[in-house]
Undergrad: 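Before we start, here is the structure in question, set down as structure tokens.
As a basis for the values below, the full set of heavy atoms in this structure was taken, side chains included, without hydrogen atoms, waters or symmetry mates.
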Amino acid sequence: MRLALDEAELAVRGGDVPVGAVVLAPDGGTVLASAHNEREAGGDPTAHAEVLAVRRAAARLGEWRLAGCTLVVTLEPCTMCAGAIQQSRVDRVVYGARDEKAGAVGSLWDLVRDRRLNHRPEVIEGVLADECSRLLTEFFRNR
């Protein structure tokens, strides 16, 4: 999560909401990819940290299935990112701060664990939640 927090801090430089993500290989320690929000920097509404990290990890592995991989992200993923997580077959999602307004991994919705879907990753929430929340609160306070 500390690596994801480092990524989140980079997002602020581009004027983006400070969200960072890291994809870990099945061995649990090797970082396959990392990213931060780049919507403002790139003018791309889909450039959320999770989507970018998943894309980069898939490119590095040379396939779209991220079986055995873990996505670590500072903020609970939204519906778009939850869809990317489900479609990429990530085995585990670890996130810091809950997103009561748009979270789709347990708070407002729980898309990744919907029993109607064929893939449901493990979810671990609240890792360094206070630090993740503080970064977001400071960003919006300064705006």
Side-chain angles (χ1 to χ4, degrees), residues 1-61 64-117 119-143:
M1 185 61 77
R2 297 242 180 253
L3 293 174
L5 279 163
D6 290 345
E7 280 290 333
E9 290 179 8
L10 295 174
V12 178
R13 295 180 192 165
D16 278 286
V17 175
V19 177
V22 175
V23 176
L24 301 174
D27 68 14
T30 303
V31 175
L32 291 176
S34 61
H36 54 272
N37 277 0
E38 295 182 21
R39 291 186 309 167
E40 298 295 333
D44 180 355
T46 68
H48 287 203
E50 304 94 307
V51 170
L52 295 173
V54 164
R55 285 178 186 161
R56 292 171 186 165
R60 183 164 176 194
L61 290 175
W64 63 268
R65 287 180 191 85
L66 299 180
C69 294
T70 299
L71 173 69
V72 180
V73 60
T74 57
L75 179 65
E76 179 183 355
C78 68
T79 53
M80 176 183 69
C81 295
I85 290 163
Q86 198 276 333
Q87 291 296 312
S88 67
R89 308 301 195 264
V90 166
D91 275 8
R92 182 176 303 104
V93 178
V94 177
Y95 71 87
R98 285 176 62 92
D99 186 347
E100 300 293 340
K101 294 181 181 177
V105 183
S107 61
L108 189 57
W109 296 287
D110 197 351
L111 295 178
V112 299
R113 291 181 286 195
D114 188 314
R115 297 237 178 255
R116 296 169 291 184
L117 299 174
H119 177 74
R120 292 179 298 280
E122 174 186 8
V123 175
I124 300 169
E125 65 177 87
V127 176
L128 298 180
D130 290 342
E131 290 181 49
C132 295
S133 294
R134 187 171 24 260
L135 190 59
L136 290 158
T137 300
E138 289 172 8
F139 174 78
F140 287 111
R141 183 178 294 137
N142 292 330
R143 288 190 92 177

Undergrad: What's the shortest heavy-atom distance between Glu76 and Ala104, and which atoms?
TA: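 In terms of heavy atoms, the two residues are closest at OE2-N, 3.4 Å.
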Undergrad: Mind checking the OG1-CD1 spacing from Thr70 to Ile124? Nearest 0.5 Å is all I need.
TA: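 If I round to the nearest 0.5 Å, the distance is 7.5 Å.
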Undergrad: As an exercise, state the distance from CZ of Arg98 to OG of Ser133, rounded to the nearest 0.5 Å.
TA: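 Reported value, rounded in 0.5 Å steps: 11.0 Å.
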Undergrad: So do the side chains of Glu9 and Leu135 get within less than 4.5 Å of each other, counting heavy atoms only?
TA: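 The answer is yes, as the side chains (C-beta and beyond) meet within the 4.5 Å cut-off.
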Undergrad: When rounded to the nearest 0.5 angstrom, what is the spacing between CZ in Arg120 and CG in Asp114?
TA: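 Here the interatomic distance stands at 8.0 Å.
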Undergrad: His36: which residues meet the side chain to side chain donor-acceptor pair (under 3.5 Å) condition with it, sequence neighbours left out?
TA: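 Partners of His36 under the side chain to side chain donor-acceptor pair (under 3.5 Å) test: Glu7.
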Undergrad: Can you find a heavy atom in the side chain of Met1 that is under 4.5 Å from one in the side chain of Cys132?
TA: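 The answer is yes, as the side chains (C-beta and beyond) meet within the 4.5 Å cut-off.
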Undergrad: Is any side-chain heavy atom of Leu108 closer than 4.5 Å to a side-chain heavy atom of Asp99?
TA: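 When only atoms from C-beta onward are counted, Asp99 and Leu108 do not touch, as no gap falls below 4.5 Å.
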Undergrad: Can you give me the closest heavy-atom contact between Ala8 and Gly20, atom names plus distance?
TA: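 Result for this residue pair: CB-N, 3.5 Å.
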Undergrad: Does Thr74 use its side chain to pair, donor to acceptor, with the backbone of Gly96 at less than 3.5 Å?
TA: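 Checking the backbone N and O of Gly96 against the side chain of Thr74, no donor-acceptor pair under 3.5 Å is found.
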Undergrad: Between Val72 and Ala4, what is the shortest heavy-atom contact and its length?
TA: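 Smallest interatomic distance, heavy atoms only, reads O-CB, 4.0 Å.
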Undergrad: Under a 4.5 Å cut-off applied to non-hydrogen side-chain atoms, are Ile85 and Arg92 in contact?
TA: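 The answer is no; the side chains never approach within 4.5 Å.
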Undergrad: Is the side chain of His119 donor-acceptor paired with the backbone N or O of Val90 at a distance under 3.5 Å, no angle test?
TA: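 Present.
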Undergrad: Starting at CG of Asp6, measure out to OG of Ser34 and round the result to the nearest 0.5 Å.
TA: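 One gets 9.5 Å once the value is rounded to the nearest 0.5 Å.
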Undergrad: Give the minimum heavy-atom separation between Glu50 and Pro77, together with the two atoms involved.
TA: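 Here Glu50 and Pro77 meet closest at OE2-CA, 3.3 Å.
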Undergrad: Search all heavy atoms of Gly15 against all heavy atoms of Phe139 and return the closest pair with its distance.
TA: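 So the two residues come closest at O-CZ, 4.1 Å.
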Undergrad: Are any non-hydrogen side-chain atoms of His48 and Asn37 less than 4.5 angstrom apart?
TA: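 In contact.
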Undergrad: Of all the heavy-atom pairs spanning Pro121 and Val112, show the shortest one and how long it is.
TA: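 Reported closest heavy-atom pair: CD-O, 3.3 Å.
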Undergrad: Less than 4.5 Å apart, any side-chain heavy atom of Val105 and any of Leu111?
TA: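 No, their side chains stay 4.5 Å or more apart.
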Undergrad: Measure the shortest side-chain to side-chain distance between Gln87 and Val54 over non-hydrogen atoms and say whether it is less than 4.5 angstrom.
TA: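 No - every pair of side-chain heavy atoms lies 4.5 Å or more apart.
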Undergrad: Exactly one of Arg13, Arg56, Arg55 should register a salt bridge (Lys or Arg N to Asp or Glu O under 4.0 Å) with Glu38. Which one does?
TA: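 Filter result, single survivor: Arg56.
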Undergrad: Backbone N or O of Leu32 within a donor-acceptor pair of the Arg60 side chain at under 3.5 Å?
TA: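 Yes.
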Undergrad: Find the distance between CG (Asn142) and OG1 (Thr137) and round it off to the nearest 0.5 Å.
TA: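 The CG atom of Asn142 sits 10.5 Å away from the OG1 atom of Thr137.
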Undergrad: Are Leu61 and Cys69 packed together at the side-chain level, in the sense that at least one heavy-atom pair is separated by less than 4.5 angstrom?
TA: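 Heavy-atom side-chain distance check passes, below 4.5 Å.
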